[in-house]
Each structure stands twice: as C-alpha cells, then as structure tokens.
Amino acid sequence: MNIRSLTRGDGVVIGAAVVLFIASFLDLSGYECPSGVDCSGYSANAWDSLSVLMGIYLAGIIGAALLIVSRAMPGRKVVGFELGQFGAAFTVYSLWTMFWTIIDAGDAGAGLILGLLATLALAGGAVATPLVPALKAPLMGAPRPAQAVQPAYGSQPGQGYGYPGAQQQFGTQPGQQQPYGAQPGQQQPEHQAAAPQASQGGGAPAGDFTPFWFAVPVARPLYGEDGAPNPIAELAPGTWYLAVEQRGPGLVAQTQDGRRGVLQDTTGIQRG
C-alpha cells in the first residue's frame, strides 16, 4: 500500500488504535489495594476479561484495520457493505460499549479512561474523515515531478512534453527535400506545408486538449473506459499521473504501468 494514499483522518485512526492497544494492558479499576489484602481481582486488565477485550479494545482495533485496508482495496465489499463501512461500524460500537462500561464501573482505572479517549478519537476520525475537508487532505504532500523524466508521447529533446496535435515547425530541415522551384533556405508557404498534414489526418482538426501531469488530493478510483462500474485501479496522492484526454467532466488518465481509465472526480487535483 502506498503510504501517500493515507489521509490525515487515517493518521488519527491509526494513532487512536495504537493508544487503545496500549490501554488494554492497563488496569481497568482504580481501586487502591490496602496492605495485606489480596486484590488480584481488582488489578485485572482487558486481557483478563474476554468480553471487555473483544467488545471494546479489539473491536476498535479491528475497525481501524478495516478502514486502512479499505484504502488499499477500494470498492471491496462484504455482504453488500464496503470494508470502510464495516470499520466505521466497529469503531462506533467500541465507543458505545466503552461509554457504558466506564459508567457502570465503580472506580475506573487508567485502562478504561485512556481507552475512552482512544475510542472517542477512533470513532470521530472514522466518521468525520469523509465529511471534513481538513481530514481528507493527504497525510504526506505530493512531490514535484522530476524534470528529467522523458515522457512517452513523442516528446523530443529540449521540446518539453510532446502530445498528439502539438504545433509543428514548418520549413526545411537538414536533409529534407526542397520543393520544386524553392531556393535553398526558403520556407514553404503555410498552405502548402499544412496540406500533407490535413491529408494524413483525414481533414480532422487537432484537438484543443493538451495532456498534462496531475496528482489527486485523496485516493480516488479509476474506472475503465468501457464504463464498467468496478474500478480498475486507484490513483494515490503523492503520485503523478498523465491526463491524456477529456471525457465529459472527467479525465482519461494513464498510470505508470500503462493502464488507462476514466477519473470521474477531478475536484481539487494538482496540475504538474
């Protein structure tokens, strides 16, 4: 999984899950044992109670894991629900159970108090990430594309990025055959130079779209050009992709491995 596909909300979820795991080893009760009294039953942690461990601590950790896995496998469903929806449900359930457990406890210990704070952050991050733009921002910024990269669409040295329909330089080049009656160094008339291009392209004018590099602010699915509902790839933040064609409100993008598909959501993309 590309770490640059993680959002700030995912960072909150991961941090809260780590804190929740640490809290599971702390005492559930804050009862202070008098000297000379066996208080082994009061110093138990979550691992000494299966119901508390599974219903609160592991439920929250499993929910966090499902949320992160859903980033690597977008669109993956289980019994009709996406993995991210399952993960969010687990985190909310963990918070709900922890809330009533700490109310019922006579003297909450560090394990319950820290666990409550962790489940609050965990459920909050899971629910608020799709809604809050600040949490949907990438956890790590996208690097600028390398200037020395040679694109694969007919670019020439020193001419930048080539693309279909790019403006051609008219006139004779070294070794190019001169037209009949032309003097050395004399340029061809524009209407004569453009005639072969029109015949080669079937008379169709070149498109106005100019391919460009871009990066997405958050992970977004790339759908097939045939209109299939399932994504063929995921565009990850921090990686530069090539837009080769405008397709309605979307873009036809090409990945590094040569796959092409339609990016339907182009809001907030960063042009290179």
Side-chain angles (χ1 to χ4, degrees), residues 1-15 66-76 82-84 87 125 128-169 206-272:
M1 178 180 177
N2 188 355
I3 191 173
R4 295 187 183 276
S5 65
L6 298 179
T7 64
R8 294 176 182 174
D10 296 329
V12 172
V13 168
I14 294 174
L66 290 175
L67 287 169
I68 302 305
V69 170
S70 67
R71 295 290 183 189
M73 296 184 295
R76 182 65 60 88
E82 294 184 359
L83 290 179
T129 295
L131 306 175
V132 180
L135 294 178
K136 291 193 295 184
L139 189 61
M140 301 180 63
R144 301 297 299 177
Q147 297 296 329
V149 174
Q150 294 295 332
Y153 278 81
S155 61
Q156 300 297 330
Q159 295 182 358
Y161 191 81
Y163 53 89
Q167 183 180 3
Q168 301 293 330
Q169 298 294 331
D208 294 334
F209 181 82
T210 302
F212 60 90
W213 296 100
F214 72 95
V216 291
V218 295
R220 287 178 180 169
L222 188 69
Y223 296 93
E225 295 186 78
D226 56 357
N230 295 327
I232 61 172
E234 182 187 56
L235 303 188
T239 303
W240 292 93
Y241 302 96
L242 181 67
V244 297
E245 182 183 338
Q246 186 81 32
R247 185 72 59 86
L251 292 172
V252 177
Q254 178 172 311
T255 62
Q256 292 86 347
D257 56 4
R259 288 182 293 174
R260 286 173 48 139
V262 179
L263 175 64
Q264 298 178 353
D265 185 5
T266 59
T267 56
I269 64 173
Q270 177 184 355
R271 294 174 68 111

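Considering only heavy atoms from C-beta on, Leu67 stays 4.5 Å or farther from Ile14 through its side chain. Phe212 places a side-chain heavy atom less than 4.5 Å from the side chain of Leu251. Under the 4.5 Å side-chain criterion, counting only non-hydrogen atoms from C-beta, Arg260 is in contact with Glu225. In this structure the side chain of Leu235 reaches within 4.5 angstrom of the side chain of Leu263, judged on heavy atoms. Looking only at side-chain heavy atoms (C-beta outward), Phe214 and Tyr241 come within less than 4.5 Å of each other. Two residues are said to be in side-chain contact when any heavy atoms from C-beta on lie closer than 4.5 Å; Gln256 and Thr239 meet this criterion.
The main-chain N or O of Gly248 is found under 3.5 Å from a side-chain atom of Gln246 such that the two form a donor-acceptor pair.
If you take CG on Asp10 and OG1 on Thr129, they are separated by 6.0 Å, rounding to the nearest 0.5 Å. Rounding to the nearest 0.5 Å gives a distance of 6.5 Å between CD1 of Ile232 and CZ of Arg259. For the atom pair CH2 of Trp213 and CD of Gln254, the computed distance is 8.0 Å after rounding to the nearest 0.5 Å.
The minimum heavy-atom distance between Thr255 and Leu222, with the atom names listed, is CG2-CD2, 3.9 Å. Considering every non-hydrogen atom in both Glu234 and Ala219, the closest pair reads OE2-CB, 3.4 Å. The shortest heavy-atom contact between Gly250 and Thr266 is CA-CG2, 4.1 Å. Contact detail for Pro217 and Arg220: the closest heavy-atom pair is CG-NH2, 3.6 Å.
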